[in-house]
Protein chains: 2
Amino acid sequence: MASIKDVAAEAGVSVATVSRVLNDHPSVSAEARTRVLAAVETLGYRPNAVARSLRTDQTHTLGLVISDVLNPYFTELARSVEEEARALGYSVIIGNADERPDLQDHHVRNLLDRRIDGLLVSPTDGGSPLMLDAARGGTPMVFVDRWIPGVDVPVVRSDGRAAVRDLVAHLHGLGHRRLAIIAGPAATTTGRERVEAFREALGAYGLELPDAYIGQGDFQAESGRRVTEGFLDLPEPPEVVFAADNLMALGALDAVRARGLRVPDDLALAAFDDIRWFVHTDPPITAIAQPTGELGRAAVRALVDRIEGRPGQSVTLPARLVVRRSCGENPTPVQRSTT
Amino acid sequence: MASIKDVAAEAGVSVATVSRVLNDHPSVSAEARTRVLAAVETLGYRPNAVARSLRTDQTHTLGLVISDVLNPYFTELARSVEEEARALGYSVIIGNADERPDLQDHHVRNLLDRRIDGLLVSPTDGGSPLMLDAARGGTPMVFVDRWIPGVDVPVVRSDGRAAVRDLVAHLHGLGHRRLAIIAGPAATTTGRERVEAFREALGAYGLELPDAYIGQGDFQAESGRRVTEGFLDLPEPPEVVFAADNLMALGALDAVRARGLRVPDDLALAAFDDIRWFVHTDPPITAIAQPTGELGRAAVRALVDRIEGRPGQSVTLPARLVVRRSCGENPTPVQRSTT
DNA sequence: ACAGTCGATGTAATCGATTCCACGAGGATC
DNA sequence: GATCCTCGTGGAATCGATTACATCGACTGT
């Protein structure tokens, strides 16, 4: 592969001049510029990004560590992140943690070794030593969706509190009184927050959230299935299950189906995170939708701000309830005004 | 960030010795090794992968350019690719082409500039000049799922012919005679092949595939919706629609639903690529399942073989039909023996 | 006419690693 | 006791870019 020296030789100039042309530095003669450009063309030369990064100490690359690529919420997030990053002149390297802290650490380390300019993380746990060091250390960082408390890093996320209240209002209106939740890992902020928001919303109606109605999941489908089976085995099973993400909702559907039961007649179902398939499931699933694309874009903007020396804002956007038929028929149209 | 020089100073040895310890070169004294390791520990030193790559001309990185991250088939592929690559000591950088040739070229160029060790591509088109150059040029390359004919690059893919025959047998057995297909772009191999396989299979039953029953899609949901609407507007609409991927099947569902029609009574539906949600859609969707994980792993093995100087085999694995209820009730269990 | 300025260019240092080569000490061989 | 290896080590070149600094010619202003 041709290097800058080859181009310089071909054009009959020094490597400095070639570099100047490539980075369009002002003081290059038109003459030299055309000769260099011609040489670049004939040799099919492309600058070596590795060498360039070593010298400039910039990779123009963002690292994105997401919790699970198989979760449509995170792929949508990843897509919007890449899109916005590209628009701002950055590439993105994605690391998939599969909800495993060890894998998450592996990717963070790998990205740091590659000297990415900044890191976008949706942490799967409360923060390993490595993650905390990275956050405190030099690398610009932004949390997206989930975050780690007590660390001075901007957070871009969505607030589901109001939407959860709307959901509970909807469920209560349909006559449901025994409401259960499939929670995410307590080590994650979204794992805890969604339970708390649910409990608070229930409280407003004088309802309790007994421990038996809090199933411990891990944001993966299999745990949703397992927890739902547990609920169904209870002497007094819940009337509604609220899954804290879409994959656990899928697992819940598997469990209900395996028993030959029906949603919503035997068990109503709602989920956090809306995905396109929820429109076509049997029945269509009531869900809380996050402004995923906007979240991804805002996160990139915040990170690039930090990288380029500007402050870098935390952002919180509201989620909203999308009512479908999985919690009961003839739903009262409870929608929040925010779009 | 600490460099190898800092470590050398801290340990009281030369950088050469530090490098030897880090790459466990045999001729280093136990004494020096422990001193270096201690210095590494106290400084929290991590080798700069950029510098290392520049010197060794190896990045231990694979590029993966996929057609669409929002397509669950490709995310599953990406996941298995990353998994196998990690097991073999490589990282993966994913580029999402969104089914757009220009974006695909952007990512290929970007990956080449980063001097990745090898490239895994599922091309969105017949091959841009850049792609062809890359294939012929030095970079080891392997095609996965889709490929470009006439280029000497190993191909790892799945053969759906037998499964499509099974599908048509199933449909014919249910009494369907007017069968339509939502095709992928003619510029992609999978776009063409699936139509051809379908046509051939129909031929075996003396059925035609008229042009009006071939809808041109682009593997995205919106095109599936549009094409299906066209089918429904025909004076003699088809009885079955076979979508060449899962996203176009989603679009077809949208279209059917928008008209207040029902699957399979008003229109039967089948899809290429099986996904977990197909079990829970209304009705569950009959699909052709690819051994996606195995495909990804085989592709990585082939690519790493090439990178490390071994031949690099093409691999073709069979797909299989999974019958559900979207083509009609009481299905004859047509299953191929292969798992 | 001469000093000063400016624009274009080249030389060389530099980024952080790897690795060839030379060198010195110590042990084995005769 | 001289020679020859072997082993551990350090110095320095190298990878492919960027960029500070020096140089040189031409032009300008007085």
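To find a chain, count down the sequence lines: A is the first, B the second, and so on, and within it residues start at 1.
Among the heavy atoms of the strands lying under 4.0 Å from A:Ser27 is at least one base atom, whether or not backbone atoms are also near. Within the nucleic acid shown, B:Asn23 comes within 4.0 Å of sugar-phosphate atoms alone, with no base atom in reach, counting heavy atoms only. Within the nucleic acid shown, B:Val13 comes within 4.0 Å of sugar-phosphate atoms alone, with no base atom in reach, counting heavy atoms only. The residue A:Ala32 sits close only to the backbone: its heavy atoms come under 4.0 Å of sugar-phosphate atoms, none of a base. Counting any heavy atom pair closer than 4.0 Å across all strands shown, B:Ser19 reaches a base atom. B:Ser29 comes within 4.0 angstrom of sugar-phosphate atoms only, judged by non-hydrogen atoms across all strands, and of no base.
At least one side-chain heavy atom of B:Val121 sits less than 4.5 Å from a side-chain heavy atom of B:Met131. Within the 4.5 Å cutoff, the side chain of B:Leu103 has heavy atoms near those of the A:Arg86 side chain. Under the 4.5 Å side-chain criterion, counting only non-hydrogen atoms from C-beta, A:Thr124 is in contact with A:Arg146. In this structure, the side chains of A:Val315 and A:Glu294 stay at 4.5 Å or more apart for every pair of heavy atoms.
Regarding B:Glu31, its CD atom lies at a distance of 18 Å from the P atom of C:dA25, rounded to whole Å. The separation between A:Asn48 atom CG and D:dT14 atom P is 18 Å, rounded to whole Å. Between B:Asp6 atom CG and C:dG16 atom C1' there is a gap of 10 Å when expressed in whole angstrom units. If you take CD1 of A:Ile4 and P of D:dT19, they are 11 Å apart, rounded to a whole angstrom. In this structure, A:Met1 places its CE atom 17 Å from P of D:dC15, rounding to the nearest Å. Rounded to a whole Å, the CG atom of B:Leu54 is 12 Å from the P atom of D:dT18. Rounded to an integer number of Å, the gap from NZ of B:Lys5 to P of C:dA13 is 13 Å. For the pair B:Asp113 CG and D:dA17 P, the interatomic distance rounds to 10 Å; values are reported in whole Å.
When the nearest nucleotides of DNA chain D are assigned to B:Ala51 and B:Val15 by heavy-atom distance, the more 5′-ward of the two goes with B:Val15. With DNA chain C read from its 5' end, the first of the two nearest nucleotides for A:Ala30 and A:Ala16 is the one closest to A:Ala30. Looking at which nucleotide of DNA chain D each of A:Tyr45 and B:Pro26 is closest to, the 5′-most match is held by B:Pro26.
Using a 4.0 Å cut-off between charged nitrogen and carboxylate oxygen, A:Arg100 and A:Asp102 count as a salt-bridge pair.
Here the side chain of B:Ser14 is nearest to one of D:dG10, C:dC15, C:dG10, namely D:dG10.
The shortest distance between the side-chain N/O atoms of B:Arg52 and the OP1/OP2 oxygens of C:dT18 is below 4.0 Å. Residue B:Thr17 places at least one side-chain N or O closer than 4.0 Å to OP1 or OP2 of D:dG10.
Side chain of B:Asn23 to backbone of B:Ser19: a donor-acceptor contact under 3.5 angstrom is found.
Side-chain atoms of B:Arg20 and base atoms of D:dG10 include a donor and an acceptor less than 3.5 Å apart.
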